[in-house]
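In what follows, every chain begins at residue 1, and chains take the letters A, B, ... in the order their sequences are listed.
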There are 2 protein chains.
Amino acid sequence: MSLPQIRRGRRSAGDHSREAILAAARKLFAEKGFEGTSLRQVAREAAVDPAMVHHFFKGKDELFASSVELPADPAEVLAGVEMMDPSVRAEAIVRAVLTLWEGPAQHGLVAFARGTIGSKAKSGMMREVVSRAILSRVMAGVSGPDEQVLLRGNLVASQTVGLILARYVIRLDPLASASQDDVVRLVAPTIQRYITGDLDSLK
Amino acid sequence: MSLPQIRRGRRSAGDHSREAILAAARKLFAEKGFEGTSLRQVAREAAVDPAMVHHFFKGKDELFASSVELPADPAEVLAGVEMMDPSVRAEAIVRAVLTLWEGPAQHGLVAFARGTIGSKAKSGMMREVVSRAILSRVMAGVSGPDEQVLLRGNLVASQTVGLILARYVIRLDPLASASQDDVVRLVAPTIQRYITGDLDSLK
DNA sequence: CTTTTAATTCATCACCTGGTGAATTAGTGG
DNA sequence: CCACTAATTCACCAGGTGATGAATTAAAAG
């Protein structure tokens, strides 16, 4: 009695295992972080042989990078922001952030946050992304000494990262369930002060 | 020729392996997160047999909890804060946070942050600590409808968590290397606004 | 001094990890 | 139709994982 074996070889067209693997990876990395997720778990979640993961990606690191890298293009998300006058930029920034994080990229973004904060080795990745890809755009055209502009950027980042963490990762209520408009009204003034406000104590 | 074997049995007094294990655990959890750290690595770092870890702690979870739980007592740290008038509380809060995170508890705290943010399962722990142990004290005596006070507390948390992450975990410069006084002057106003300021849009 | 208790080491378990190489099958280009 | 390439499965490997139980030794308690 030959049991119905799983046939080897190429599937009949229409399968997209690669995408399934990426989706599964995003989901698991988002839930359990980088170290907490195994290739086999990913394969299982994607209903795929573990070896496929290696077929499509060189290893766990590349899988992480691919599944998580640019879950959204910063340039695109911040397109509008960059050319607004710095003095009224905050609201647009907060809105862009919220819209992005509430969209389809959420899984990938949370995965990125968890994986990247979870270990010293990967924190560098976060630092790079935040400062190069994001802050440079957010702070474009802000006047003042370089050092001061960098500090302002760091402060913007601190409030933004904190907001994201509280709302999407840690999920503090009622912040997590507040409306987008409320959040904008509540935190945009903080951001605006960091960008152009009088910080009165900057050496 | 009997090689000098490592003697079994109890060490001659003065050894404190338990403490060594906890210190090693704090260090490694801080660097590599919960999943990224193995019991054997901890044992190696502590120069101790792996089985000792099980002797002193039931398992990895208990080790994590013990090494990281209350790296500092919130009640103590926030002792002064609680009884200040809410309208001038912000500066004290920021100063307390910075002092705490720059003290000997830093390793444990970073470990807590990394381990706790790194996975969904452990995020609950962070939520509990933040809301019960910390926010309840920080927001003690603030007037207004419950829901609104909670929201204010969440906002305080968002800025505080963001500051900690940017300064101690991600290490964004120049924020990471700014003086304690500068940081206080820069972010205390934000916190103060969240505690007692006019948020003008609270439903 | 003797009994009890605690600290330490060792050998071992079953399992999971990331990774490799080959065999098998299907679609594709010529 | 045939050669080629890519997708898929399988059978492994060496090593690390958390965990357990027993043996050994010293300190503490009586």
Completion exercise
With sequence neighbours left out, the residues meeting salt bridge (Lys or Arg N to Asp or Glu O under 4.0 Å) with A:Glu19 are none
Completion exercise
Residue pairs meeting side-chain hydrogen bond (donor to acceptor under 3.5 Å, both in side chains), one or both in residues 48-57 of chain B, sequence neighbours left out, come to none
Fill in the blank from the handout: Sorted by chain and residue number, the ring-ring contact (aromatic ring centres under 6.0 Å, His included) partners of B:Tyr194 (sequence neighbours excluded) come out as none
Completion exercise
The nucleotide from C:dT9, D:dC10, C:dT8 with an atom nearest the side chain of B:Ala51 is C:dT9
Fill in the blank from the handout: In whole angstroms, the gap separating P of D:dT17 from CZ of B:Phe64 amounts to 18 Å
Practice task
Could you check how far NE2 of B:His55 sits from C1' of D:dA19, rounded to whole Å?
Solution key: 15 Å
Practice task
Provide, to the nearest angstrom, the distance between the CG atom belonging to A:Asp49 and the P atom belonging to C:dG21.
Solution key: 16 Å
Problem - Results of side chain to side chain donor-acceptor pair (under 3.5 Å) for A:Gln180 - residues two or more places apart only - result: A:Thr99
Practice task
Between protein and nucleotides 12-19 of chain C, map the contacts as a letter string: B base, S sugar-phosphate only, - none, heavy atoms under 4.0 Å, written 5' to 3'.
Solution key: -----BBB
Fill in the blank from the handout: Sorted by chain and number, sequence neighbours left out, ring-ring contact (aromatic ring centres under 6.0 Å, His included) with A:Phe57 holds for none
Handout entry: Length of the CE-P vector between B:Met52 and D:dT25, whole Å
Key = 16 Å
Exercise for the section: Return the value, rounded to whole Å, for the distance between atom CZ of B:Phe56 and atom P of D:dT20. Expected result: 16 Å
Problem - Spacing of A:His16 atom NE2 relative to D:dT8 atom C1', expressed in whole Å - result: 16 Å
Problem - salt_bridge(A:Glu45, A:Lys27) N-O dist < 4.0 Å - result: yes
Handout entry: Spacing between B:Phe57 atom CZ and D:dG18 atom C1', to the nearest angstrom
Key = 16 Å
Practice task
Send over the distance from A:Ile21 CD1 to D:dA7 P, rounded to a whole Å.
Solution key: 10 Å
